[in-house]
Amino acid sequence: MTLFIDAGNTRIKWRLKPEGRPALEGVGVLTDPQLFQAFDAQSVNRIAISTVISEDARKKLHQQLYRALGVEPVFHWTQSSQCGVTCAYDRPETMGADRWHALIGAWKQAKRALLVVDAGSALTVDILDGQGMHRGGYILPGHRLMRESLESNTARVRFGKALSQDPSPGKSTDACVRNGLSWLLQALSMQLDALRRALGIDVDAVFLTGGDAPGLMQLGLEGCLRPQLVLEGLEAVDAEVTGV
Ligand SMILES: Nc1ncnc2c1ncn2[C@@H]1O[C@H](COP(=O)(O)OP(=O)(O)OP(=O)(O)O)[C@@H](O)[C@H]1O
Ligand SMILES: CC(C)(CO)[C@@H](O)C(=O)NCCC(=O)O
Ligand SMILES: [K+]
């Protein structure tokens, strides 16, 4: 069976699909040596990967998987056109494979104009029109990266880790920062909503994924939560390549 992997900048998500049995899924971090020990070495005969990690980290992941499972993994990258979706980039190979696979996962389901919001380490927004043409997107720092950049570039702005869902003005450093990020993400939700309406996209065609997606929904962003959207697109791409 095939092992599907989405290796992001922070976390790695995987899915195994045994025939006739429910899929096995998991989340981990690349530095965990136990990560792949859960897989039965006998039964995995193909590994398909979507990744945005550095070339060094990618080579390491390749080695780890080969050692653990005896299978050479196949890496899937952004193409100019695939599975009905056409990339807007002049240089498609420079667009993150996670964005591409998320778009394909969403297109496979919706087959109409749609938005994908991936709120992971970075937050990305991508637009597809009703013909599957990618109309471009946005890349922003994610919630954790925004907090970290504030913390590491100021001396006196110190605050707690807990996320806030309160966008009201703060009256302490901690509340100013935490509520400030909520306020910003609420503004982002409003922008996304305006974009969606301007493009005539209904709520069911807004696909939300990534660790911070539930938080965005709590701040008012409407859409469908699809935590495994990248893996879903990766599966479609791999099926097209292998002809299964
Ligand atoms: N258990 C968790 N571990 C890490 N991040 C988490 C967790 N729960 C929520 N988050 C939030 O999720 C965000 C990271 O999302 P996600 O796990 O999708 O990242 P990622 O997939 O590793 O990132 P990317 O794919 O963009 O590299 C962080 O900004 C953090 O606020
Ligand atoms: C933007 C991220 C980090 C989101 O995971 C990833 O898709 C990436 O590394 N992209 C490369 C740059 C681009 O997509 O244009
Ligand atoms: K991601």
Side-chain angles (χ1 to χ4, degrees), residues 4-15 26-31 48-62 73-83 85-108 114-129 132-150 152 181 184-185 188-189 191-192 195 206-217 221 223 225-238:
F4 296 97
I5 292 178
D6 162 18
N9 280 301
T10 312
R11 292 194 291 170
I12 174 162
K13 299 177 189 106
W14 55 266
R15 174 188 276 179
V27 181
V29 286
L30 271 177
T31 46
I49 305 183
S50 174
T51 192
V52 297
I53 58 182
S54 71
E55 192 49 23
D56 279 355
R58 188 196 67 82
K59 284 187 183 139
K60 213 171 142 203
L61 175 64
H62 186 131
V74 174
F75 290 84
H76 290 290
W77 307 106
T78 304
Q79 309 289 320
S80 55
S81 171
Q82 192 171 40
C83 294
V85 179
T86 303
C87 184
Y89 274 35
D90 285 335
R91 295 176 57 212
E93 71 280 7
T94 62
M95 176 171 155
D98 55 349
R99 295 171 62 196
W100 180 244
H101 295 136
L103 278 176
I104 289 174
W107 176 252
K108 196 179 87 167
L114 60 87
L115 288 183
V116 172
V117 181
D118 187 342
S121 307
L123 188 150
T124 58
V125 177
D126 280 289
I127 306 161
L128 273 196
D129 72 13
M133 291 288 294
H134 179 217
R135 295 291 178 190
Y138 299 101
I139 302 175
L140 315 172
H143 201 164
R144 181 172 51 80
L145 292 184
M146 287 195 267
R147 288 201 327 255
E148 284 175 2
S149 69
L150 199 51
S152 54
L181 289 175
L184 190 65
L185 293 177
L188 175 74
S189 294
Q191 279 281 33
L192 284 166
L195 179 66
V206 177
F207 292 80
L208 308 174
T209 191
D212 286 331
L216 280 174
M217 293 179 93
L221 183 61
L225 188 61
R226 296 291 286 274
Q228 308 282 38
L229 191 62
V230 174
L231 289 174
E232 288 161 27
L234 177 65
E235 243 178 81
V237 159
D238 196 59

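Numbering of ligands and ligand atoms starts at 1, following listing order.
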Exercise. Looking at side-chain heavy atoms only, is the closest gap between Tyr89 and Arg99 below 4.5 Å?
Worked result: yes

For this session: List every atom of ligand 2 that sits less than 4.0 Å from any heavy atom of Arg99, numbering the atoms from 1 in the order shown and giving each element.
Result: 7 (O), 13 (C), 14 (O), 15 (O)

For this session: Please identify which atoms of ligand 2 are closer than 4.0 Å to at least one heavy atom of Tyr89.
Result: 13 (C), 14 (O), 15 (O)

For this session: Using the six-membered ring wherever Trp is involved, compare the ring planes of His101 and His76 and label them parallel, tilted or perpendicular (cut-offs 30° and 60°).
Result: perpendicular

Exercise. Can any side-chain N or O of His134 pair as donor or acceptor with the backbone N or O of Ala88 at less than 3.5 Å?
Worked result: yes

Seminar exercise, completed: The atoms of ligand 2 lying under 4.0 Å from a heavy atom of Asp98, numbered in the order shown, are 4 (C), 5 (O), 6 (C), 7 (O)

For this session: Specify side chain, backbone, both or neither for Asp118, according to which of its non-hydrogen atoms lie closer than 4.0 Å to ligand 2.
Result: neither

For this session: Identify, by atom number and element, the atoms of ligand 2 in contact range of Thr124, meaning under 4.0 Å from any of its heavy atoms.
Result: 1 (C), 4 (C)

Exercise. Which atoms from ligand 2 have a heavy atom of Asn9 less than 4.0 Å away?
Worked result: 3 (C)

Problem set entry | Any Val125 side-chain heavy atom under 4.5 Å of Gln191 side chain | no

Exercise. Taking Thr78 for the side chain and Glu93 for the main chain, is one N or O donor matched with an acceptor at less than 3.5 Å?
Worked result: no

Problem set entry | Ligand-side contact atoms (ligand 2) for residue partner Thr94, heavy atom cut-off under 4.0 Å | 11 (C), 12 (C), 13 (C), 14 (O), 15 (O)

For this session: For Ile139, counting its heavy atoms only, list the atoms of ligand 2 lying under 4.0 Å from any of them.
Result: 1 (C), 13 (C), 14 (O), 15 (O)

For this session: Could you tell me which atoms of ligand 2, counted from 1 in the order shown, lie closer than 4.0 angstrom to a heavy atom of Met95?
Result: 13 (C), 14 (O), 15 (O)

Problem set entry | Salt-bridge criterion met for Lys108 and Glu235 (N-O under 4.0 Å) | no

Exercise. Can you check whether Ser80's main-chain N or O pairs, donor with acceptor, with Gln82's side chain at less than 3.5 Å?
Worked result: no

